[in-house]
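First up is the structure itself, then whatever we jot down about it.
Please read all numbers here as calculations on a predicted model, not as lab measurements.
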Amino acid sequence: MHDIRAIRENPQAFDAALARRGEAPAAAEILALDEARRARIAAAEAAKAEQNRAAKAIGAAKARGDEEEFQRLRNEVAAKKAEVAAMQAEARELDARLQERLMWIPNAPAEDVPEGKDEDDNVEIRRWGTPRAFDFAPREHFDIAGARAGLDFETAAKLSGARFVVLRGAVARIHRALAQFMLDTHIAENGLTEVNGPVLVLPEAMRGTGQLPKFTEDSYRTTDDWWLIPTSEVTLTNTVAGDILEEAALPVRLTAHSLCFRSEAGSAGKDTRGMLRQHQFEKVEMVSITRPDASDEEQQRMLRCAEDILERLGIPYRTVILCTGDMGFSARRTYDIEAWLPGQNRYREISSVSTCGDFQARRMNARFRPAGGGKPEFVHTLNGSGLAVGRTLIAVLENGQNADGSVTLPQALAPYLGGRLTLTAEGELA
RNA sequence: GGGGAGGUGGCAGAGUGGUCGAAUGCGGCGGUCUUGAAAACCGUUGGGCGCGAGAGCGUCCCCGGGGUUCGAAUCCCCGUCUCCCCGCCA
């Protein structure tokens, strides 16, 4: 959420930021609401002050036995009361409208975010690794002999319909190994704290991170009005909602392995084969809560944590910075990491690392108290995939495939696979 | 699911209709004393919003939301969370 004071101070800058995102100007409308709201607040509080003064004098009048004055004050307070109530109601209504309006407006892009309309305008930052030269036509993951036995889309369809998968045997184990490997690396090497939280959350949490109110159709809701998290960013970031943290406690660095649920509304017909895009998938997520001046550096650190996973797995990737038109609602700057998928002969998104500045912190009222004392300030929040487990499985399978349909698995997974690093063409670990 | 007890400042814990944003203790911060520290003593110590250049002024907040009353931390209703007992259960 945006700072109403900042909009007041520089409405032009606010509209300019919206324009970079391709959004219509909103400052004029918002400031009109804000002005009306503040006028009502001032009037209501002045009237309330008079009421309080009279109410306070009643006690004294009673004590000194001045019945006449007592009655007069009673009447005065009663008269004021109605006036105050009416003005307060108006102020509340205007405030609610202002808040609601602000809840629908996306974050402003950072200065260095490249201008652009869609993903074609994203800018490549770097590449790591060299895509392997195959002496045969590399297949997509669902066509690799060794993987086929463990990727059961038919049974998944029977259970749950389209965009689900049942993993079996060695493939299921490799998938699990990847998640364990990622978590262990983040905990032991990157200094993150493991968290295992709910995947069912209240609407407030979804509003805090920005999924609601604008993107209701992208997530699933239970009949009890819980929401299934589309990413554990929601769970992890909202752990500090409403808190005032001590500066010494920052940065807070969290990681979680969780199920994620997405309706994929609007992506019908996209990536329908294989397990690239599912309604339910697993992801290891990273979240950092930092001081405002530390968030840019933290984003680079987090980006490195995610890239490091791919490097340890030996999967070539490229890193891009998203342009203004391709960034998510809450983000101020986002880097995507795209893994090389030889079966598709292209790079595909496997991680997204964003800083949200104080945008989410304002929504969830997450603050810290400066070390020297003084007023609490909003923290900065960051999140990044580290990584999407299912997509990493695809990358491992496609990059390690052999002509005979077997797959050579990364050395890094050895501790998790009993040292057996070959997925045979028959779908067994060897 | 049924029954009971509770949610007060960073923590502990008073306060059951008026002068309470709220005693007291602990903790924190500043100071006196001390070579330094401890102890002791003194002072200070929540957040939001509005107005104001500022000092400051006003207003709201005792889990959340309604209500009663001239006046609510205190009374009533609903919700929520915690704890205890019973039932059920991975």
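B/C76 and B/A5 are spaced 13 Å apart, taking the P atom of each and rounding to whole Å. The same atom, C1', is picked in B/U24 and in B/A14; the two are 7 Å apart, to the nearest Å. The same atom, P, is picked in B/C85 and in B/C78; the two are 26 Å apart, to the nearest Å. B/C88 and B/C11 have their P atoms separated by 39 Å, given to the nearest Å. For the C1' atoms, the distance linking B/G6 with B/G13 amounts to 14 Å, nearest Å. B/G64 and B/G48 have their C1' atoms separated by 16 Å, given to the nearest Å. Between B/U34 and B/G28, the two P atoms lie 23 Å apart (nearest whole Å). The separation of B/C62 from B/G7, taken at their P atoms, amounts to 14 Å, rounded to a whole angstrom.
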Produce the list of close N/O pairs, under 3.5 Å, pairing protein atoms with atoms of nucleotides 50-58 of chain B; give distances to one decimal.
{"unit_1": "B/G50", "atom_1": "OP1", "unit_2": "A/R37", "atom_2": "NH2", "d": "3.4"}
{"unit_1": "B/G50", "atom_1": "OP2", "unit_2": "A/R5", "atom_2": "NH2", "d": "3.1"}
{"unit_1": "B/C51", "atom_1": "OP1", "unit_2": "A/R38", "atom_2": "NH1", "d": "2.7"}
{"unit_1": "B/G58", "atom_1": "N2", "unit_2": "A/E45", "atom_2": "OE1", "d": "2.6"}
{"unit_1": "B/G58", "atom_1": "N2", "unit_2": "A/E45", "atom_2": "OE2", "d": "3.0"}
{"unit_1": "B/G58", "atom_1": "N3", "unit_2": "A/E45", "atom_2": "OE1", "d": "3.3"}

Could you go over nucleotides 71-73 of chain B and give all protein N or O partners under 3.5 Å, atom names and distances?
{"unit_1": "B/G71", "atom_1": "OP1", "unit_2": "A/K81", "atom_2": "NZ", "d": "3.2"}

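The closest side-chain heavy-atom distance from A/P109 to A/R21 is below 4.5 Å. With a 4.5 Å cut-off on side-chain heavy atoms, A/R221 and A/M206 do not count as touching. In this structure the side chain of A/I105 reaches within 4.5 angstrom of the side chain of A/L18, judged on heavy atoms.
Nucleotide B/A5 forms a Watson-Crick or G-U wobble pair with B/U82, both donor-acceptor distances falling under 3.5 Å. Nucleotide B/C88: unpaired (no Watson-Crick or G-U wobble partner with both distances less than 3.5 Å). Using N1 to N3 plus N6-O4 or O6-N4 for Watson-Crick, or N1-O2 and O6-N3 for G-U wobble, each under 3.5 Å, B/U44 pairs with B/G28. Applying the Watson-Crick and G-U wobble criteria (two distances, each under 3.5 Å), B/A37 pairs with nothing in any strand. With a 3.5 Å ceiling on both atom-pair distances, B/A55 lacks any Watson-Crick or G-U wobble partner. In this structure, B/C62 forms no base pair with any nucleotide, since neither Watson-Crick nor G-U wobble geometry is met with both distances under 3.5 Å. Base-pair partner of B/G21: not found among the strands shown (Watson-Crick or G-U wobble, both distances under 3.5 Å).
Under 3.5 Å, the side chains of A/E282 and A/H257 contain a donor-acceptor pair of N or O atoms. Looking at A/E298 and A/S288, their side chains do bring a donor and an acceptor atom within 3.5 Å of each other. Between the side chains of A/H186 and A/T255, no donor N or O sits under 3.5 Å from an acceptor N or O.
The main-chain N or O of A/T209 is found under 3.5 Å from a side-chain atom of A/Q360 such that the two form a donor-acceptor pair. Under a 3.5 Å cut-off, the side chain of A/T222 and the backbone N or O of A/W226 do form a donor-acceptor pair.
To the nearest angstrom, C1' of B/G47 lies 8 Å from CZ of A/R369. Taking atom CD of A/Q88 as the reference point, atom P of B/G65 lies 13 Å away to the nearest angstrom. Atom CG of A/L245 is separated from atom C1' of B/G47 by 15 Å (rounded to the nearest Å). In this structure, A/R363 atom CZ and B/G48 atom C1' are separated by 19 Å, rounded to whole Å. For the pair A/W226 CH2 and B/U80 C1', the interatomic distance rounds to 13 Å; values are reported in whole Å. Protein atom CD of A/E377 is 11 Å distant from nucleotide atom P of B/G48, rounded to whole Å. Whole-Å rounding puts the A/K375 NZ to B/C49 P distance at 9 Å. Remark: C1' of B/G46 and CD1 of A/I244 are 8 Å apart, rounded to the nearest angstrom.
Scanning both residues, A/P230 and A/F281, for their nearest heavy atoms gives O-CZ, 4.1 Å. Residues A/S352 and A/D336 approach most closely at OG-OD1, 2.8 Å, considering heavy atoms. Closest approach of A/F329 to A/W104, counting heavy atoms only: CE1-O, 3.4 Å.
OP1 or OP2 of B/G47 has not a single side-chain nitrogen or oxygen of A/R367 nearer than 4.0 Å.
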